[in-house]
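As the structure lists them, so they are numbered: ligands from 1, and atoms in each ligand from 1. Position 1 is the first residue of the sequence; numbering continues from there.
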Amino acid sequence: MVTDMMEWEKNVRKVEPYVPGEQPKSTEVIKLNTNECPYPPAPGVRRRAEGFDYDRLRLYPDTEAGELADALCAYYRISPEQLFIGVGSDDVLAMAFQTFFNSGKPVLFPDVTYSFYDVWAELFRIPYVRKPLDGDFRIVKEDYMVENGGIIIPNPNAPTGVFEEVGVMEEIIAANPDSVVIIDEAYVDFGGESCLKLIGKYDNFLVVQTFSKSRAMAGMRIGFAMGSPKLIGYLKDVKFAFNSYTMNAPSIELGAESVKDAEYFRNTVNKIMRTRERVKKELSELGFVFPDSKANFIFASHEKTAAKVIFEELKKRNIFVRFWDKPRIDNYLRITVGTDEQMDILLENLKEIIAMQTVVERSIKSDD
Ligand code: PMP
């Protein structure tokens, strides 16, 4: 192969970036492709945003994100030493990879999971092994009871939506006292159970959550980790060795407001869960199969029509869902749970697309 790489380019850290779901410019789109919340943030967030003193922007923000930290500590009943705040959980997770996965041994995560994990592992030159989920997309816990340099598992998993009981997660944590275990709980508020109660029991265990889904604040970029003071202390050292002022002042204030309104939060997630359960039934009636989801999305495959065809047809109709042309999951669509109205439009269109495909198939058969 002829290469025209310049001398300096040989010393560039080369990485293949993560590919996020599309953020279309048009507001006409029904956007069910990045697991955002279809409802607005809590009303208090709006009031606070409207009253934000813009002169404050002259000043650096609070490096400790104090107001937000206080609200989170009160809500989750933890101490400030057990909390780490970052700019979205992607920021928290990337920092955790860099801080904790330095043994040279492979980090373990499922083969079907959040596709940022292998990107961070490549970025930080961390060896990793993907452990195959079983045929029902469930975790095989014994796979995580071998020598490793760390473990990361989302619970519920993404993009499958499958939730594993806290007891299973605890077995994995308990079997790994020599490495750090991270449970990524980006979707835990939609009917799963948090492993938070285990942070007092295991020094080497970190729970990571986000404001991007259940708190309807993906645009603010707020994520956080909870763990033992020792673990959190190491994370903070790395963070403050990198950039002290990562979270901006509006995010700190608006994030805090969101946490203060527990009732609005509960109502929002309950609405999404109700819609999810209804859509599950209707998808089944249309011939879709899916693992049971405890997240704000459904990972569905049609028994006759290829996922890629449905994905493209939906896109033509301005309905965006997520599709990966990857082994094991290339016949699945990940559909974010939107409002009831959005899901009705989705279901109508799915019905049409499937009927259309059946007609196409029949005419192909009769041509034979
Ligand atoms: N973890 C999982 C499993 C996710 O699906 C996402 C959303 N892309 C994140 C973490 C990151 O979310 P955020 O950075 O918006 O907090």
Problem set entry | Arg46 to Tyr264, cation-pi by 6.0 Å centre distance and 45° axis angle | no

For this session: Provide the number and element of each atom of ligand 1 under 4.0 Å from a heavy atom of Gly88.
Result: 14 (O), 16 (O)

Exercise. Backbone, side chain, both or neither: what part of Asp184 comes under 4.0 angstrom of ligand 1, heavy atoms only?
Worked result: side chain

For this session: Could you list which atoms of ligand 1 come closer than 4.0 Å to a heavy atom of Ser212?
Result: 13 (P), 15 (O), 16 (O)

For this session: Report yes if the side chains of Ile139 and Tyr144 come closer than 4.5 Å at any heavy-atom pair, otherwise no.
Result: yes

Exercise. How does Tyr187 reach ligand 1, if at all, at less than 4.0 Å between non-hydrogen atoms: by side chain, backbone, both, or neither?
Worked result: side chain

For this session: Number the atoms of ligand 1 from 1 as they appear, then name those within less than 4.0 Å of a heavy atom of Arg221, with their elements.
Result: 13 (P), 14 (O), 15 (O)

Seminar exercise, completed: Which of Ile151, Asp143, Val140 passes side chain to side chain contact (heavy atoms under 4.5 Å, CB included) with Lys131? It is Asp143

For this session: Please check if the side chain of Arg276 supplies one atom and the backbone of Ile298 the other of a donor-acceptor pair under 3.5 Å.
Result: no

For this session: Please report which non-hydrogen protein atom sits nearest to atom 11 (C) of ligand 1, along with the residue it belongs to and the distance in Å to one decimal place.
Result: Asp90 OD1, 3.0 Å

Exercise. Between the side chain of Arg221 and the main-chain N/O of Ser89, is any donor-acceptor distance below 3.5 Å?
Worked result: no

Exercise. Among Tyr117, Phe109, Phe97, Phe101, which one satisfies ring pair (Phe, Tyr, Trp, His ring centres under 6.0 Å) with Tyr128?
Worked result: Phe109

Exercise. Under 3.5 Å, N or O to N or O, is Tyr114 touching ligand 1 that way?
Worked result: yes

Exercise. Can you hop from Phe116 to Phe100 via hydrophobic side chains spaced under 4.5 Å?
Worked result: yes

Exercise. Which part of Ser89 is near ligand 1, with near meaning a heavy atom under 4.0 Å away: side chain, backbone, both or neither?
Worked result: both

For this session: List every atom of ligand 1 that sits less than 4.0 Å from any heavy atom of Lys213, numbering the atoms from 1 in the order shown and giving each element.
Result: 7 (C), 8 (N)

Seminar exercise, completed: Numbered in order shown, the ligand 1 atoms found under 4.0 Å of a heavy atom of Ala186 are 1 (N), 2 (C)

